[in-house]
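Some notes on the structure that comes next.
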Protein chains: 2
Amino acid sequence: MTARTSAESTRDIPEATVARLPVYLRALTTLSESGTITCSSEDLAQAAGVNSAKLRKDLSYLGSYGTRGVGYDVDYLRYQIAREIGVTQDWPVVIVGIGNLGHALANYSGFRSRGFRVVALLDADPTRHDEVVAGIDVRPFDDLEQIVRENGVAIGVIATPAIAAQDVADRMVACGISSILNFAATVLSVPAGVDVRKVDLSIELQILAYHEQRKAQVEPA
Amino acid sequence: MTARTSAESTRDIPEATVARLPVYLRALTTLSESGTITCSSEDLAQAAGVNSAKLRKDLSYLGSYGTRGVGYDVDYLRYQIAREIGVTQDWPVVIVGIGNLGHALANYSGFRSRGFRVVALLDADPTRHDEVVAGIDVRPFDDLEQIVRENGVAIGVIATPAIAAQDVADRMVACGISSILNFAATVLSVPAGVDVRKVDLSIELQILAYHEQRKAQVEPA
DNA sequence: CTCGTTTTGTTCTCGCGTTCACAAACTCCT
DNA sequence: AGGAGTTTGTGAACGCGAGAACAAAACGAG
Ligand SMILES: NC(=O)c1ccc[n+]([C@@H]2O[C@H](COP(=O)([O-])OP(=O)(O)OC[C@H]3O[C@@H](n4cnc5c(N)ncnc54)[C@H](O)[C@@H]3O)[C@@H](O)[C@H]2O)c1
Ligand SMILES: NC(=O)c1ccc[n+]([C@@H]2O[C@H](COP(=O)([O-])OP(=O)(O)OC[C@H]3O[C@@H](n4cnc5c(N)ncnc54)[C@H](O)[C@@H]3O)[C@@H](O)[C@H]2O)c1
């Protein structure tokens, strides 16, 4: 994808590791809340559901934050991972499409507690503009540019029907949004430099169905 | 061709390919609805957002369903992929935890159109048991076993708070459910033979934040 | 101070997934 | 029928990630 040609001091962390860091962060938060001061790689690996060798290797990309013979200081490591991911300050986020799913997302408390702040809810349907969801009032989609500008929004969430998703994405990119989380069941095309991640319930279920079908084929023999 | 010898009828498809088959299926459905009869691997790859070589290799694990010099018959290939995934018939599904997210999932029309049928909505909170969501009435969580038995349910969806998720998973497994889609932000531990997939909004956002942070570091130089 | 114990950080190897490149196979036109 | 053009299916090269294994480092006991 985006080739980072610059001879930068910033070490590049493997994508597979980046995807696991949030899991470690969550496990460390749970440990911290239960009063744990230090933990071994074995403990943390179990809490995160991964192999301990893999955990240590992942952490080694960040630096040497453990103590041999002792383990990791839970709060210290938690801060280091949060800093590496970039969630020590809140990221402003807009959600577009306040239907069934958009309502659930707006009401989701995990946003705020994990480094994100919903600054606006947008919908194209004028009949929704009266509504207030989770203390935030739903505004016209055309307010997007102004909101993005005023709040320095870099991350957008799309929860519209699939047919509208590409248009919404185009508008977001035009406003300067460079990271998109897409819940619509469609492939988005965006210019280089814009990251898109998708969440697709149907795909997950179909993967489960595939494996379920295989189990059923072998079992009754 | 590969005659289905009963001993080794099931070729094993790489996990990475399995994860992409639903994307191809969706792209083929879109093509079919737009009246397209045949398509090349290039066309389909573009619609699915992947490399055409990868697409052809993925399809080659299923068999030889294309015609050289011509391409693929859209409806024929669509049926073959659906059959391989196992979504030519509907899978019964139960959803546990009918809060914000559970409501959205119950109202999601993509379930039925993609090979799944919600047979029950379950919640532990008695005040929810009066409710009817998307034509299905919310029932007590303790009805789980009966519902699973009567409907032959193999797939369960967890949309409860994280603290309850492991208990719900244990109960599901005890009833005979062997595939779980987990929306709660926690690591589930299940016996071998049970598949778990997770959908975690916070993780996706944090991955975006990581890359966003890196962009911001390079840009202003 | 030295030795044994614990646990990290890293090296090495292996397997999987991605991509390239091309022969094989099919259609169409003359 | 034969040749030109098109597109599939796959062998081979390559790079990345997973996991095992171990040396290096810290700590405590005596
Ligand atoms: N509901 C779920 O559980 C679920 C699960 C997985 C995926 N999805 C996907 O998420 C998306 C939303 O699902 P939903 O159930 O909330 O649908 P919905 O129809 O309830 O809500 C869609 C909302 O988007 C708004 N909208 C339409 N076009 C718009 C535009 N151009 N700009 C701004 N807003 C616009 C509509 O006014 C509506 O409020 C769909 O693509 C769906 O496939 C939903
Ligand atoms: N809302 C979102 O957009 C969103 C996004 C990502 C993840 N999640 C996660 O999904 C889960 C549900 O989120 P929500 O916003 O719908 O929460 P919610 O509190 O609105 O709903 C949870 C429901 O689960 C029920 N419940 C609790 N314990 C139960 C048990 N033991 N058995 C059966 N039912 C039980 C509750 O009665 C409630 O109705 C949470 O774990 C949350 O972190 C939600």
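Proteins get letters first, then strands, A, B, ... in listed order; numbering begins at 1 in each. Everything quoted here is computed from the prediction, not taken from an experiment.
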In whole Å, what is the span from the [atom1] atom of [X] to the [atom2] atom of [N]?
X       : N      : atom1 : atom2 : result
A/Glu42 : D/dA20 : CD    : P     : 11 Å
B/Asp73 : C/dC26 : CG    : P     : 16 Å
B/Leu44 : D/dT8  : CG    : C1'   : 13 Å
A/Lys54 : D/dA21 : NZ    : C1'   : 17 Å
A/Leu59 : C/dT8  : CG    : P     : 9 Å
A/Arg56 : D/dC22 : CZ    : C1'   : 11 Å
B/Tyr65 : D/dG9  : OH    : P     : 11 Å
A/Leu62 : C/dT10 : CG    : C1'   : 15 Å

Atom CD of A/Gln166: over 12 foreign heavy atoms under 6.0 Å
yes
Heavy-atom count around B/Glu15 CD within 6.0 Å, excluding the residue itself: above 12?
yes
Would A/Tyr65 and A/Tyr72 count as a close aromatic pair, with their ring centres under 6.0 Å?
no
Result for 5'-nearest mapping on DNA chain C, choosing between B/Pro14 and A/Gly69, is A/Gly69
Taking atom types as they are modelled, is there a donor-acceptor pair under 3.5 Å from the base of D/dT7 to the side chain of B/Arg68?
no
Side-chain donor/acceptor contact of A/Lys57 with base of D/dG17 under 3.5 Å:
no
So which one's nearest nucleotide on DNA chain D is more toward 5', A/Val70 or A/Glu15?
A/Glu15
So that I can tick it off, tell me whether B/Asp90 and B/Arg112 are bridged by a salt bridge, with the cut-off set at under 4.0 angstrom between side-chain N and carboxylate O.
no
Checking D/dT8, C/dT19, C/dC26 against the side chain of B/Asn51 (C-beta onward), the nearest is C/dT19
Using a cut-off of strictly less than 4.0 Å, decide whether [X] has a side-chain nitrogen or oxygen near OP1 or OP2 of [N].
X       : N      : value
A/Ser41 : C/dT7  : no
A/Tyr72 : D/dA26 : no
B/Tyr61 : C/dG17 : no

Using modelled atom types and a 3.5 Å cut-off, is there a donor and acceptor pairing between side-chain atoms of B/Lys215 and backbone atoms of A/Gly193?
yes
